[in-house]
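Step one of this worksheet: look at the structure below.
All ligand and atom numbering here is 1-based and tracks the order in the structure. Position 1 is the first residue of the sequence, and the numbers go up from there.
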Amino acid sequence: MHPPNSLLQSAVSRDRRGRPLRDLRISVTDRCNFRCVYCMPKEKFGSDYQFLERSALLSFEEIVRLARVFRHHGIEKIRITGGEPLVRRNIEQLIRMLAAIPGLDLTLTTNGSLLAKKAAALRAAGLQRITVSLDSLDDAVFKAMNDVDFPVSRVLEGIDAAAAAGFSPIKINMVVKRGLNEDSIVPMARCFRERGHILRFIEYMDVGATNGWRMDDVVSAREIVERIARAMPLEPAAPNYTGEVAARWRYRDGSGEIGVIASVTQAFCRDCTRARISTEGQLYTCLFATTGHDLRALLRSGASDDDLRAAICNVWSRREDRYSEIRGAHTAPLQKIEMSYIGG
Ligand code: SAM
Ligand code: SF4
Ligand code: SF4
């Protein structure tokens, strides 16, 4: 006889390091209209790159079914990501379906390129929060980073449209890569302090196997904070909740805050409560995973919700991941999954 769900859940809802499963990132497409040099470099993601066939992608119904099962398992937050999630056709419809799940914090990360067109519909569909990635206000720098000649002004229009649609506060993600955009740190901080959005700086990470990552290219969170503090004094702020990935810093004059995500120099694996579902339904328990667990196969072979729940419990209860804490110990290169596929 199987134990009742509540017992099953409480028995295995923590991994081997005692971490509960709280957030889920779902990648809805492996495609993107940008070729950011740190994520989908053109040399590797060129015109001959084989993206997934449509039939390989989880359908909206499959995504929502998994979301419900995960919600039952204790998930409180779902982030829709990609690739670029707004290139997935009818994404608003998926948002509407997910927003109907009670008690879920629903959010999405986008490069902002299609946001001017879609912000109002996303809001109306029930999306609660949005994060927009932007790496510089300098057109030449931004174009060198997105590598498709996309201008800053159109992302700013998208951010304005999101604000007009009622998203508040909006979070802005900026990846900092040495030699490319560190001079954009202070102008970005100034701009988004004035606009009232929360800018979050992300240390350049060694995700995937294609971006040619080197430690020398990482601008540390500490350096980022020092640069800003020289121009606009900062003081540390308490985290909003346990396990918050971004360390918060407040402007001393009370004019807002920034976040710094020090995934490389100050690993936060100890509090990592995140699972990821790739575009084709593989469950990953770490951004730096080399293998996933095939939930799509289960979905498409007639598994019941209890079967799915048991499979997820099983995977999570055996989880030991702490890649960022032991990054330096890897002597041989790992075959890591690309971020555009696993969902950033
Ligand atoms: N396309 C959307 C976007 O860019 O916002 C969503 C997917 S993207 C993979 C999610 C986040 O991961 C973005 O904020 C992006 O800047 C960040 N990212 C991608 N590659 C990264 C890397 N190598 N190091 C740090 N952050 C990275
Ligand atoms: Fe596309 Fe986002 Fe990756 Fe840039 S970071 S290539 S926008 S998925
Ligand atoms: Fe979580 Fe893996 Fe990142 Fe550590 S390296 S914080 S376990 S996703």
Residue, atom name and distance, where the atom is the protein heavy atom closest to atom 12 (O) of ligand 1: Met339 CE, 3.2 Å

Tell me, please, whether Tyr204 has Arg178 positioned over its six-membered ring: NZ or CZ under 6.0 Å from the ring centre and within 45 degrees of its axis? no

Near Thr81 (heavy-atom distance under 4.0 Å), the atoms of ligand 1 are 6 (C), 7 (C)

Could you check atom 10 (C) of ligand 1 against the protein and tell me its nearest heavy-atom contact, residue, atom and distance included? Gly344 CA, 3.9 Å

Between atom CZ of Arg14 and atom CH2 of Trp316, what is the distance when rounded to the nearest 0.5 Å? 11.0 Å

So, are Glu62 and Arg296 salt-bridged, with charged N and O less than 4.0 Å apart? no

Top protein contact for atom 6 (S) of ligand 2, by heavy-atom distance: Cys36 N, 3.4 Å

Below 4.0 Å from ligand 1: does a non-hydrogen atom of Glu203 turn up there or not? yes

Where do Ala163 and His197 come nearest, in terms of heavy atoms and distance? CB-CE1, 4.2 Å

Look at the aromatic rings of Phe51 and Tyr49 and report parallel, tilted or perpendicular, splitting at 30° and 60°. perpendicular

Can you tell which part of Ser340 has a heavy atom less than 4.0 Å from ligand 2: side chain, backbone, both or neither? neither

Over 60° means perpendicular and under 30° means parallel, so tell me whether Phe150 and Phe34 are parallel, tilted or perpendicular. tilted

Within 4.0 Å of some non-hydrogen atom of Val207, the atoms of ligand 1 are 22 (C), 23 (N)

Show the atoms of ligand 1 that are less than 4.0 angstrom away from any heavy atom in Tyr204. 23 (N), 24 (N)

Closer than 3.5 angstrom, by distance alone: can the side chain of Arg19 be matched with the main-chain N or O of Asp271 as a donor-acceptor pair? no

Measure the distances from the heavy atoms of Gly82 to every atom of ligand 1 and state whether one is below 4.0 angstrom. yes

How many angstroms lie between atom CD of Glu203 and atom OG of Ser220, to the nearest 0.5 angstrom? 6.0 Å

Check whether more than 12 heavy atoms from other residues, nucleotides or ligands sit under 6.0 Å from atom CZ of Arg300, and answer yes or no. yes

Starting from atom 3 (Fe) of ligand 2, find the nearest protein heavy-atom neighbour and note its residue, name and distance. Cys39 SG, 2.4 Å

If you count the atoms of ligand 1 from 1 in the order shown, which ones are under 4.0 Å from a heavy atom of Ile202? 25 (C), 26 (N)

Say whether Gly83 and ligand 1 are in contact under the criterion: heavy-atom distance to a ligand atom below 4.0 Å. yes

Which protein heavy atom lies closest to atom 3 (C) of ligand 1, and at what distance to 0.1 Å? Ser133 OG, 3.4 Å

For the CD1 atom of Ile224 and the CD atom of Glu182, what is their distance to the nearest 0.5 Å? 9.5 Å

First locate atom CG of Leu127, then atom CD1 of Ile91, and finally report the distance between them rounded to the nearest 0.5 Å. 9.0 Å

Under a 4.0 Å heavy-atom limit, does Asn173 contact ligand 1 with its side chain, its backbone, both, or neither? side chain

Around atom 16 (O) of ligand 1, find the nearest protein heavy atom and jot down its residue, atom name and distance. Val175 CG2, 3.2 Å

Which option wins on minimum heavy-atom distance to atom 22 (C) of ligand 1: Met205, Met145, Arg25? Met205

Counting only heavy atoms closer than 4.0 Å, does ligand 1 sit against the backbone of Thr110, its side chain, both, or neither? backbone

For atom 2 (C) of ligand 1, the protein heavy atom that lies nearest, with its residue and separation: Glu84 OE1, 3.4 Å

Ligand 2 atoms in contact with Met40 (distance to a heavy atom under 4.0 Å): 6 (S)

My understanding is that only one of Ile78, Leu57, Leu94 makes a side chain to side chain contact (heavy atoms under 4.5 Å, CB included) with Ile63; could you say which? Leu94

Please report whether ligand 1 has a polar contact with Asp135, defined as an N or O pair separated by less than 3.5 Å (distance criterion only). no

Could you tell me whether ligand 2 has any atom less than 4.0 Å away from a heavy atom of Gly82? no

Heavy atom of the protein closest to atom 2 (Fe) of ligand 2 (residue, atom name, distance): Cys32 SG, 4.5 Å

d(Cys36 SG, Asp135 CG) to nearest 0.5 Å is 6.0 Å

Relative to Phe45, does Arg35 satisfy both conditions: NZ or CZ under 6.0 angstrom from the six-membered ring centre, and within 45 degrees of the ring's axis? no

Kindly say whether Val175 contributes a backbone atom to a donor-acceptor pair with the side chain of Asn181 at under 3.5 angstrom? yes

Looking at CG of Asp138 and CG of Asp183, how far apart are the two atoms once the value is rounded to the nearest 0.5 Å? 9.0 Å

Does some non-hydrogen atom of the protein lie less than 4.0 angstrom from atom 8 (S) of ligand 1? no

State whether Glu223 and Arg227 are salt-bridged, where the test is any N-O pair (Lys NZ or Arg NE/NH1/NH2 against Asp/Glu carboxylate O) under 4.0 Å. yes

Keeping to distances under 2.8 Å, can you name the protein N/O/S atoms close to atom 4 (Fe) of ligand 3? Cys269 SG

